[in-house]
Amino acid sequence: MAIKVFSFFFFVYLLVEMHEISAMVPAVIVFGDSTVDPGNNNQISTVLKSNFAPYGRDYFGGQPTGRFSNGRIATDFISEAYGIKPAIPAYLDPKFDIRDFATGVSFASAGTGYDNATSAVLSVIPFWKEMVYYKEFQDKLRGYLGNDIANHHLSESLHLISIGTNDFLENYYPFPTRSSEYPVDKYEIFLIGIASNFIRELYNLGARKIAINGLPPMGCLPLERTTNIMHGSACIEEYNDVAKDFNQKLQDSVTELNRELGGIQLVMSNPYYKLLEMIQNPVLFGFENVATACCGTGYFEMSYMCDRMNPFTCSDANKYIFWDSFHPTEKTNFILADHAFKTTLTVFR
C-alpha cells in the first residue's frame with residue numbers, strides 16, 4: 001500500500017514538473033536561415049532545397065524534410081529539451097496547422113540573411129517576410145486559443161533567432177555591392193541594426209523571451225576551407241575574426257536592448273567557441289573528420305550537389321562535424337543545442 005501511495009505521489013510530482021516546464025516555455029518560435037529551417041524552402045521557388053535523399057537519412061523514418069542535415073537541427077533538440085516536442089514544423093508546410101504551430105513553429109528560410117540583398121541571391125524568403133508570417137501566426141493563434149490565453153502564451157514562448165552567416169559568405173564577400181558600400185565593420189553595424197529593430201518589433205508584438213544566436217567560426221566551414229587551398233585548406237581566419245567582432249557587437253546590442261525594453265528577457269547564444277572547440281579537439285567529441293563534410297567529396301557539395309547519386313557520401317555521419325559543405329551533422333546540432341540549453345538558455349527554465 002505504501003508503495004502504491006508513493007508511486008501515485010511520484011507520478012503527480014512528475015506531472016507537476018512537466019507542467020511547470022511547459023508553462024515556463026510552452027512553445028519555441030523560430031526565425032532565421034538554414035541552421036533552423038525545417039522545410040519552408042520546400043514551398044517556394046528556389047534552387048536552395050534539401051527535401052531529397054541523402055538529406056534526412058537519420059531523421060525519423062529516414063525521411064528528407066527540407067532540413068539541411070542528415071537528421072534533426074538544433075532547434076528540434078531545444079524544443080525536446082524543454083519537454084515540448086521532438087521536432088519543430090515549418091510554417092509553410094501544408095501538413096501542419098495552428099494546432100501543431102501552437103507548441104512551436106519555424107518561419108526560417110535557408111539562404112536568407114538580415115540583409116534583403118542576401119535573400120535575393122538565391123530567391124529565398126527575406127527576413128522581414130518572416131515577421132509577416134509571424135503576425136499571421138499570431139492572428140491564427142488568437143483564433144485558436146482566444147486573445148488572453150494567446151497573448152500569455154506568446155509572452156512565455158521562447159522566440160529564437162539564428163541568422164547572419166549568409167550575409168557574409170553569400171553576399172558581402174562574393175559580390176561587390178555591399179563591400180563597396182560598407183567596410184566590413186560598418187556592415188556588421190548595419191546588420192545588427194536590422195537585428196535590433198527585429199527584436200523591438202517582436203517585443204511590441206508581445207514577445208518577452210528571446211534568444212539570438214551569434215555567428216559560428218564561419219571561416220572553418222568546409223566550403224570556405226576548400227577555397228583556401230593556397231594555405232593548406234586551413235580555416236580562413238579573416239572570416240573567423242569578423243564572426244568574433246560581429247558577436248561582440250551583437251552582445252553589446254543585447255545588453256542595450258535589455259535596458260531599453262522593460263520586462264524583456266533577451267540573451268545571446270554564442271556558438272562560436274563551442275564549435276571551434278569541436279573543430280580543434282574532434283576526438284574529445286567522437287569526431288574523426290573536421291575539414292571535410294560527409295556528403296559527397298565533402299569539399300563543396302550542398303543542396304542538389306549533395307544527392308543520392310553521389311558515390312562519395314560517407315556511411316557514418318556521426319564521425320563528421322559537417323554534413324554538407326556548409327551545415328552541421330545531426331550529432332553536431334545536438335552538441336550545440338545541448339550546450340546552449342545548459343548555458344545561455346537556462347534563464348528560461
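All values below come from the heavy atoms of this structure, side chains included, with hydrogens, waters and symmetry mates left out.
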Cysteine SG atoms at Cys295 and Cys314 closer than 2.5 Å | no
Taking atom [atom1] of [X] and atom [atom2] of [Y], what is their separation to the nearest 0.5 Å?
X	Y	atom1	atom2	result
Phe107	His159	CZ	NE2	8.0 Å
Tyr91	Ile125	OH	CD1	11.0 Å
Cys294	Glu330	SG	CD	12.0 Å
Phe52	Asn42	CZ	CG	9.5 Å

Between [X] and [Y], is there a donor-acceptor pair closer than 3.5 Å when you use the side chain of the first and the backbone of the second?
X	Y	result
Glu201	Met131	no
Asn281	Met278	no
Ser196	Ile192	yes
Ser106	Val36	yes
Thr329	Asn318	no
Thr346	Lys342	no
Lys140	Lys135	no
Asn247	Leu215	yes
Asn333	Arg72	yes
Lys49	Asn41	yes

Is the shortest side-chain N to carboxylate O distance from Arg259 to Glu256 below 4.0 Å?
->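 No salt bridge links Arg259 with Glu256.
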Short N-O contact, Asp241 and Lys244, less than 4.0 angstrom | yes
Assess whether side chain to side chain donor-acceptor pair (under 3.5 Å) is satisfied between Tyr55 and Asp324, documenting all intermediate values.
-> CA-CA 9 Å; Tyr55 285 97; Asp324 65 20; 2.6 Å; yes
Compute the ring centroids of [X] and [Y], then answer whether they are less than 6.0 Å apart.
X	Y	result
Tyr173	Tyr239	yes
Phe198	Phe127	yes
Phe287	Tyr320	no
Tyr82	Phe348	no

Regarding [X] and [Y], is there a side-chain donor-to-acceptor distance under 3.5 Å anywhere?
X	Y	answer
Asn70	Tyr59	no
Ser34	His327	yes
Gln138	Tyr134	yes
Arg67	Ser69	no
Asn171	Tyr187	yes
Arg142	Asn151	yes
Thr46	Ser123	no
Arg225	Asn228	no
Asp167	Thr118	yes
Gln248	Asp252	yes
Thr103	Lys85	yes

Sub-4.5 Å side-chain heavy-atom contact between [X] and [Y]:
X	Y	result
Ile161	Asn213	no
Ile78	Leu345	yes
Phe68	Leu48	yes
Tyr182	Ile189	no

Can Ile29 and Leu158 be said to form a side chain to side chain contact (heavy atoms under 4.5 Å, CB included), step by step?
-> CA-CA 6 Å; Ile29 300 171; Leu158 173 60; over 6 Å; no
Is it the case that more than 12 heavy atoms not belonging to [X] sit under 6.0 Å from its [atom1] atom?
X	atom1	answer
Asp148	CG	no
Lys319	NZ	no
Leu284	CG	yes

Row check, Tyr203 ring normal vs Arg208 NZ/CZ: under 6.0 Å, within 45° |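 Yes; both conditions hold, so Arg208 lies above the ring face of Tyr203.
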Hey, what's the ring geometry for Phe137 with Phe101, parallel, tilted or perpendicular (30° and 60° as the breaks)?
->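 Perpendicular.
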